Chemist: 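So that we are looking at the same thing, I have put the structure below in structure tokens.
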Amino acid sequence: MKKSVFFGALTVAGLAAGAAAAATLDDVKARGKLNCGVATGVPGFAAPDAAGEWAGFDVAVCRAVAAAIFNDPKAVEFIPTTGKTRFTALASGEIDMLARNTTWTFSRDTDLKFDFVGVNYYDGQGFIVPKALGVSSAKELDGATVCIQTGTTTELNLADFFRINNISYEPVPIETNAEAQQQYLAGACDTYTTDASGLAATRSTFEAPGDHVILPEIISKEPLGPLVRHGDSEWGDIVRWTFNALVAAEEYGVTSANVAEMSSAPGDNPEVNRLLGTEGDLGAMIGLDAAWAKNAIAAVGNYGEIFEATIGESTPIGLARGLNAQYTNGGLLYAPPFR
């Protein structure tokens with residue numbers, strides 16, 4: 001009797017948890033669009049184009065999730081957030097997910113009650129200075145004024161770096177990347193510090209990018225990735241596995257150009273067949289149809305296509321893959337198995 005009561009309690013608890021877990025997906029479907037939090041504007045990562053359409057490396061993750069759910073990458077409302085407002089927007093339910101150069105840390109994952117679904121860019125904090133300043137190392141910045149975004153891990157990293165090296169600095173607090181750029185170019189600070197990818201993105205918009213140097217020191221680990229709220233595992237699974245699908249697609253040679261053909265004529269690789277929904281029932285396991293991953297890949301391309309189109313070496317941002325290469329090419333990137 002005790003055993004049946006115990007398992008009955010588990011069943012009730014499981015049903016209750018399942019009902020809670022479905023909440024975000026149900027809300028998104030009822031709304032007919034995904035609310036995705038992004039940066040206020042970081043070239044290559046998240047910024048509106050001339051027509052007002054949001055585009056970029058982080059934006060592509062949002063569009064992929066929308067395509068997985070609705071088969072429509074435009075079924076997204078992009079909500080700009082600052083370093084200070086992003087977590088409140090997610091915790092309050094104003095946004096369904098955050099895809100905004102946000103570092104995965106212990107306290108954000110636990111104390112703030114968020115779930116990071118993966119790392120879409122392995123980064124580290126750096127410094128940019130005018131070439132005319134004559135500085136070749138961050139250790140030469142003793143007494144410098146430093147533009148720093150508030151509410152970010154960069155504040156803590158900055159304090160740690162200067163303390164460890166026994167040098168001083170004067171912070172110049174700013175809210176957004178645009179404000180940082182304006183203040184830095186106006187000479188209000190000697191240097192601007194943020195993730196090195198963000199520095200490259202910012203420098204690409206300068207009238208004379210060659211007049212500014214990104215110093216060699218990388219003073220932190222910044223694993224950047226999308227995140228969702230705690231307590232909604234089903235929704236977290238959808239965002240997590242949509243991102244993983246983009247990574248796996250690159251590894252297996254599935255692109256936006258060939259995904260339709262590969263889906264209509266399944267090949268001999270069962271992993272690819274499961275990914276594209278021509279074999280197995282992975283879509284049903286996360287409450288989506290069989291073509292969820294196929295639709296995401298068709299909409300935005302695989303991880304490599306997104307990287308090269310938005311921030312890669314052929315773009316004004318000019319970033320090499322580095323740690324963000326597939327594990328088969330010496331990077332840290334790979335997706336768990338689709339099985």
Side-chain angles (χ1 to χ4, degrees), residues 38-39 41-50 53-64 99-103 118-131 136 138 177 180-181 184 192-226 243-259 296-297 299-335:
V38 291
V42 178
F45 284 86
D49 62 19
E53 288 287 318
W54 282 86
F57 184 75
D58 290 329
V59 165
V61 178
C62 306
R63 294 202 184 278
R100 181 203 179 282
N101 56 318
T102 298
T103 303
V119 177
N120 72 329
Y121 194 91
Y122 290 93
D123 209 348
Q125 184 174 333
F127 296 85
I128 189 171
V129 297
K131 188 178 287 185
S136 59
N177 189 65
Q181 177 177 327
Y184 170 76
Y192 171 38
T193 183
T194 189
D195 300 334
S197 63
L199 295 178
T202 298
R203 184 173 63 172
S204 72
T205 67
F206 291 175
E207 196 172 304
D211 291 347
H212 302 268
V213 178
I214 297 175
L215 298 177
E217 286 85 2
I218 297 296
I219 68 169
S220 69
K221 292 183 295 185
E222 305 294 333
L224 310 179
F243 169 67
N244 285 336
L246 306 180
V247 175
E250 181 184 19
E251 178 181 352
Y252 293 116
V254 183
T255 70
S256 56
N258 66 23
V259 66
I297 297 161
V300 302
N302 64 37
Y303 180 94
E305 289 181 277
I306 296 166
F307 193 105
E308 293 309 319
T310 57
I311 59 176
E313 292 181 291
S314 63
T315 70
I317 314 302
L319 295 172
R321 287 292 292 268
L323 295 178
N324 298 291
Q326 290 277 342
Y327 75 105
T328 50
N329 292 320
L332 298 178
L333 205 69
Y334 75 80

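All values reported here derive from a predicted model rather than from experimental measurement. Numbering starts at 1 and runs along the sequence shown.
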Chemist: Taking the side chain as every heavy atom from C-beta outward, state whether Glu305 and Glu250 have any atom pair closer than 4.5 Å.
Modeler: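 With C-beta onward as the side chain, the pair stays apart.
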Chemist: If you apply the rule side chain to side chain contact (heavy atoms under 4.5 Å, CB included), what do you find for Ser197 with Asn101, and how did you get there?
Modeler: CA-CA 9 Å; Ser197 63; Asn101 56 318; 6.0 Å; no
Chemist: How about Tyr334: does its OH atom have over 12 heavy atoms from other parts shown lying under 6.0 Å from it?
Modeler: no
Chemist: Are Thr103 and Pro223 packed together at the side-chain level, in the sense that at least one heavy-atom pair is separated by less than 4.5 angstrom?
Modeler: yes
Chemist: Check step by step if side chain to side chain contact (heavy atoms under 4.5 Å, CB included) holds for Ile306 and Phe57.
Modeler: CA-CA 6 Å; Ile306 296 166; Phe57 184 75; 3.8 Å; yes
Chemist: About how many Å separate CZ of Arg321 and CD of Glu313, when rounded to the nearest 0.5 Å?
Modeler: 10.0 Å
Chemist: Is the Tyr303 ring parallel, tilted or perpendicular to the Phe243 ring (thresholds 30°, 60°)?
Modeler: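 Judged by the thresholds at 30° and 60°, the geometry between Tyr303 and Phe243 is perpendicular.
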Chemist: Does a side-chain heavy-atom distance below 4.5 Å link Ile297 with Leu246?
Modeler: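 Yes, at least one pair of side-chain atoms sits under 4.5 Å.
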Chemist: How about Gln326 and Thr328: does a side-chain donor come under 3.5 Å of a side-chain acceptor?
Modeler: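 Looking only at side-chain atoms, Thr328 and Gln326 do not form any donor-acceptor pair under 3.5 Å.
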Chemist: Could you check whether any side-chain heavy atom of Tyr121 comes within less than 4.5 Å of a side-chain heavy atom of Asp195, counting everything from C-beta outward?
Modeler: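 No, every pair of side-chain atoms sits at 4.5 Å or beyond.
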Chemist: Which residues pass the side-chain contact (heavy atoms from CB on, under 4.5 Å) test with Ala47, not counting sequence neighbours?
Modeler: none
Chemist: Can you label the angle between the Tyr184 ring and the Phe206 ring as parallel, tilted or perpendicular, going by 30° and 60°?
Modeler: parallel
Chemist: Apply the side-chain contact (heavy atoms from CB on, under 4.5 Å) test between Asn177 and each candidate in Thr205, Thr202, Leu199; give the one that qualifies.
Modeler: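 Passing option: Thr202.
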